[in-house]
Asks: 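Submitted below is the structure of interest, expressed as structure tokens.
Note that the coordinates shown come from a computational prediction; the quantities given were computed from them, not determined experimentally.
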Amino acid sequence: MKKRILALILASAMVFSLAACGGGSTSGDKKETDSAPENTGTATEIPAGESVSQDADIVAAVNVDFTTLDPLDTSDTLSGDVQRMLYDGLFGFDKDMNIIPMLATEYEANDNATEYVFKLRQGVSFSDGTPWNADAAKANFDRWADKDLGLKRTTFLCNTLKSCEVVDEYTIKVTLNNSFGAFINNLAHPATVCVSPTLIAKGSKACAEEACGTGQYTFTEWVPGEYLKVELKKDWWGYEAGLAESDAGFKSVTFKPVTESATRVAMIQSGDAQMIWPVPAENIDALKGDSNVVVGAEEGIVVRYLMMNNQKAPFNDVRVRQAINYAINKDAYCAVVKNGYATPAKSVIGSAVQFYKANDPYPYDIEKAKQLLTEAGYPDGFTTSIMFSNTTANTKQCEFIKQQLEQVGIKVELNGMESAIVNEKVQGNYPSGAEAEVEMYVIGWSPSTGDADWGIRPLLAIESEPPMSYNICYYENEEVDQLLKDGLNTADVEARKAAYEKAQDIIWEESPLVCLASDMNTWANAKNIINIGNTPDNGLWIRNARMAK
């Protein structure tokens with residue numbers, strides 16, 4: 001017997017608030033942290049209807065370049081953020097990552113969550129004029145289910161989707177291969193925003209270079225390495241639906257990748273940029289003193305990692321991986337690298353992610369690290385390398401790691417590269433991890449579904465080894481893989497909780513990666529702009545942004 005449930009109502013039962021103080025009994029033990037600092041600076045008050053932002057062209061300085069416009073081939077937060085401006089999904093998130101209905105208005109699910117009937121929003125069109133309807137929805141479901149595409153997010157849903165049928169012009173029926181506990185959360189992820197069928201028909205290359213959605217903004221131009229520009233769609237359906245005030249949004253936003261932190265800070269202070277994201281940790285306090293700038297900082301769900309290629313010596317020895325964990329002082333990392341705007345990680349996922357379980361952090365213990373290296377056959381250490389995107393912040397954290405590891409005899413070569421180049425290298429199609437070029441890699445990750453599945457599976461499941469996803473550790477543990485499958489193949493909350501908690505314990509013990517810290521999200525904007533911020537997964541939130549004269 002099917003149960004008819006409005007999406008907004010069921011969402012509150014299926015996903016927990018990801019605000020710093022949120023959570024519920026099924027989320028596992030919560031990490032104790034200090035309260036996030038309040039936003040600083042005094043923003044301009046803008047009475048309703050008096051914003052001038054829709055006539056304003058603004059510049060946003062960001063720390064890395066974009067990699068693609070294809071949501072199904074995106075693994076970086078920045079590219080996903082812009083795609084969320086251009087595209088809408090069946091479901092989405094509000095600023096606190098509570099699920100809200102978007103292109104679907106409601107749905108029915110059978111008792112074991114293997115059949116879903118979605119009612120679709122009427123009167124919506126893609127920016128090329130193609131109508132949003134059941135045929136358009138089916139075209140997207142069929143693409144998500146296509147295992148042959150080989151894109152970074154192909155495994156996100158392809159193993160779950162069995163079929164999508166058109167019931168009538170604004171109704172579809174989706175059948176799954178098995179119960180999928182995170183299905184609605186996954187449909188709110190930026191990988192499953194809906195692309196115009198016309199663009200889908202052009203193929204994956206076109207989807208990577210163009211964009212055509214139903215979103216608040218339309219794609220204008222992308223010159224890799226220089227800028228990406230979007231323009232406001234004043235007749236966006238979301239205004240009428242109450243997702244943003246009628247005068248919110250900017251005439252255009254030009255995103256400029258600026259890897260040098262000091263340059264981004266100078267741009268916001270000089271007015272060459274109206275917002276920057278993220279704010280370099282070392283510059284937050286200085287920007288707080290600028291009366292023309294508003295700085296924001298909130299606890300998020302991004303965790304920073306040092307990944308190790310578990311299939312290459314010496315990282316194929318768990319004792320070496322544990323030694324590296326003991327050799328890195330996480331408290332010092334948070335203080336020195338993050339200027340206090342982070343806390344030592346206690347799990348592979350953030351504390352506000354559903355089914356989080358805290359573990360005891362590896363203490364900073366040089367002697368223990370040396371002992372483990374000696375037991376593993378490396379009494380004098382060894383030489384290795386770290387690949388990273390060469391932003392100022394990444395360079396700073398890698399220099400810190402290098403200094404820490406040298407104390408136990410591990411000599412580290414730093415290989416910083418442009419983000420697109422390093423992404424290509426670490427996600428190349430290698431026969432095995434042992435033949436991959438990468439030895440160590442730094443990365444930040446957050447599950448943009450709010451669920452433990454997408455916090456763990458893309459990073460550590462066997463199916464997620466490059467080029468399919470981001471298991472750059474090349475970690476293979478059949479028990480962990482089975483636990484991840486168990487957590488997905490049920491709608492039973494307690495069963496999911498038990499599976500993910502056990503998986504976190506095993507991962508913590510085997511140390512395929514070093515969980516360094518849980519980040520705080522930071523941004524800064526001109527004081528005459530309001531309603532700019534970050535979502536907990538470190539996404540840029542400007543849907544309801546408004547500007548005073």
Side-chain angles (χ1 to χ4, degrees), residues 1-16 18 24 26-27 71-72 88-93 97-121 134 137-138 140-147 153-165 167 171-194 349 353-355 447-458 461 463-464 469 483-497 499-500 537:
M1 178 178 179
K2 294 185 177 180
K3 301 177 181 178
R4 184 175 181 82
I5 312 172
L6 291 176
L8 199 58
I9 296 174
L10 184 58
S12 65
M14 295 187 69
V15 65
F16 295 91
L18 296 182
T26 62
S27 297
L72 202 58
D88 301 311
L90 281 85
F91 301 92
F93 293 105
M97 287 189 74
N98 297 303
I99 291 179
I100 59 174
M102 297 288 281
L103 294 178
T105 56
E106 58 184 83
Y107 67 88
E108 300 171 356
N110 66 354
D111 290 335
N112 62 350
T114 57
E115 293 181 356
Y116 291 79
V117 176
F118 295 95
K119 294 292 185 180
L120 307 179
R121 191 174 299 275
K138 177 174 169 53
N140 279 273
F141 272 97
D142 288 348
R143 186 171 194 248
W144 301 334
D146 188 348
K147 296 182 180 181
R153 294 292 193 236
T154 298
T155 60
F156 191 61
L157 285 178
C158 73
N159 295 323
T160 302
L161 296 174
K162 182 176 182 180
S163 65
C164 177
E165 307 167 44
V167 177
T171 309
I172 59 170
K173 178 182 177 181
V174 177
T175 303
L176 308 183
N177 287 311
N178 44 259
S179 296
F180 187 76
F183 187 51
I184 298 301
N185 295 64
N186 280 33
L187 291 180
H189 187 279
T192 51
V193 292
C194 295
I349 55 178
V353 175
Q354 188 170 219
F355 308 123
S448 294
T449 62
D451 188 89
D453 166 63
W454 204 243
I456 304 174
R457 183 160 56 97
E463 69 176 22
S464 299
S469 196
L483 289 166
L484 296 179
K485 291 174 183 176
D486 291 345
L488 274 185
N489 295 338
T490 180
D492 185 306
V493 171
E494 288 303 315
R496 299 192 71 216
K497 178 176 183 286
Y500 290 120
D537 65 340

Asks: If we ignore hydrogens and angles and just use 3.5 Å, is the side chain of T175 paired with the main-chain N or O of S163 as donor and acceptor?
Replies: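 Flag not set: sc T175 to bb S163 has no pair under 3.5 Å.
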Asks: Can you tell me how the ring of F118 sits relative to the ring of Y116, calling it parallel under 30°, perpendicular over 60° and tilted otherwise?
Replies: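 F118 and Y116: parallel rings.
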Asks: Quick one: do K119 and E108 satisfy salt bridge (Lys or Arg N to Asp or Glu O under 4.0 Å)? Show the steps, please.
Replies: CA-CA 9 Å; K119 294 292 185 180; E108 300 171 356; over 6 Å; no
Asks: Got a second to check how far I349's CD1 is from I456's CD1, nearest 0.5 Å?
Replies: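 Reported value, rounded in 0.5 Å steps: 5.0 Å.
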Asks: Under the side chain to side chain contact (heavy atoms under 4.5 Å, CB included) rule, what do T192 and L90 come out as? Steps first, then yes or no, please.
Replies: CA-CA 8 Å; T192 51; L90 281 85; over 6 Å; no
Asks: With under 30° as parallel and over 60° as perpendicular, where do the rings of H189 and W454 fit, or are they tilted in between?
Replies: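 Ring orientation of H189 relative to W454: perpendicular.
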Asks: Enter the distance from D486:CG to L488:CG here, rounded to the nearest 0.5 Å.
Replies: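 D486 CG to L488 CG: 9.5 Å, rounded to 0.5 Å.
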Asks: Test R121 against D88 for salt bridge (Lys or Arg N to Asp or Glu O under 4.0 Å), laying out the working first.
Replies: CA-CA 11 Å; R121 191 174 299 275; D88 301 311; over 6 Å; no
Asks: Roughly how far apart are S179 OG and E115 CD, rounded to 0.5 Å?
Replies: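 With rounding to 0.5 Å, OG (S179) is 10.5 Å from CD (E115).
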Asks: Could you report the tightest heavy-atom contact between P71 and R153, atom names first, then the distance?
Replies: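 In this case the closest contact between P71 and R153 is O-CG, 3.9 Å.
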Asks: Would you say the side chain of Y107 lies within less than 4.5 Å of the side chain of I184, judging by non-hydrogen atoms?
Replies: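 In short, these two side chains touch, coming nearer than 4.5 Å.
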Asks: Within the structure provided, determine whether D537 and F93 are in side-chain contact (heavy-atom separation under 4.5 Å).
Replies: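 They are not in side-chain contact.
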Asks: Which heavy atom in N177 sits nearest to a heavy atom in L161, and how many Å separate them?
Replies: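 Smallest interatomic distance, heavy atoms only, reads ND2-O, 3.4 Å.
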Asks: Rounded to the nearest 0.5 Å, how far does CG of N112 lie from CG of D492?
Replies: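 The CG atom of N112 is 12.5 Å from CG of D492, to the nearest 0.5 Å.
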Asks: How close do I172 and A137 get, heavy atom to heavy atom, and via which atoms?
Replies: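 Heavy atoms only, the tightest pair is CD1-CB, 3.9 Å.
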Asks: How far apart are the C-alpha atoms of N185 and F180, what are their side-chain angles, what is the distance that settles it, and do they pass the side chain to side chain contact (heavy atoms under 4.5 Å, CB included) test?
Replies: CA-CA 10 Å; N185 295 64; F180 187 76; over 6 Å; no
Asks: Ignoring hydrogens and angles, tell me if any N or O in the side chain of R457 forms a donor-acceptor pair with the backbone of T155 under 3.5 Å.
Replies: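 Indeed, once roles are kept as given, a pair shorter than 3.5 Å links the two residues.
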Asks: Identify the heavy atoms of R496 and G487 that sit nearest to each other, and give their distance.
Replies: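 For R496 versus G487, the nearest heavy atoms are NE-O, 2.6 Å.
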Asks: Minimum heavy-atom separation for V353 to P447, with atom names?
Replies: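 Looks like CG2-CG, 3.7 Å.
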Asks: Going from OH on Y500 to CG on D453, what distance comes out if it is rounded to the nearest 0.5 angstrom?
Replies: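 Taking OH in Y500 and CG in D453, the distance rounds to 4.0 Å.
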Asks: Roughly how far apart are N186 CG and F156 CZ, rounded to 0.5 Å?
Replies: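 Atom-to-atom, N186:CG and F156:CZ are 3.5 Å apart.
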Asks: Donor-acceptor check, side chain of K138 to backbone of C164, threshold 3.5 angstrom: yes or no?
Replies: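 Yes, because the side chain of K138 sits within donor-acceptor range (under 3.5 Å) of the backbone of C164.
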Asks: List the steps and the verdict of side chain to side chain contact (heavy atoms under 4.5 Å, CB included) for V193 and L103.
Replies: CA-CA 9 Å; V193 292; L103 294 178; over 6 Å; no
Asks: Ignoring hydrogens, what is the shortest heavy-atom contact between P190 and S448? Give both atom names and the distance.
Replies: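 Nearest pair, atom of P190 first, then S448: CD-CB, 3.8 Å.
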Asks: Side chains of N110 and T114 only: does a donor on one sit below 3.5 Å from an acceptor on the other?
Replies: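 Present: a donor and an acceptor within the cut-off.
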Asks: Do W144 and T160 come within less than 4.5 Å of each other through their side chains, counting heavy atoms only?
Replies: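 No. Closest side-chain heavy atoms not under 4.5 Å.
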Asks: Between the main-chain N or O of C194 and the side-chain N or O of N140, is there a donor-acceptor pair closer than 3.5 Å?
Replies: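 Not confirmed, N140 side chain does not pair with C194 backbone.
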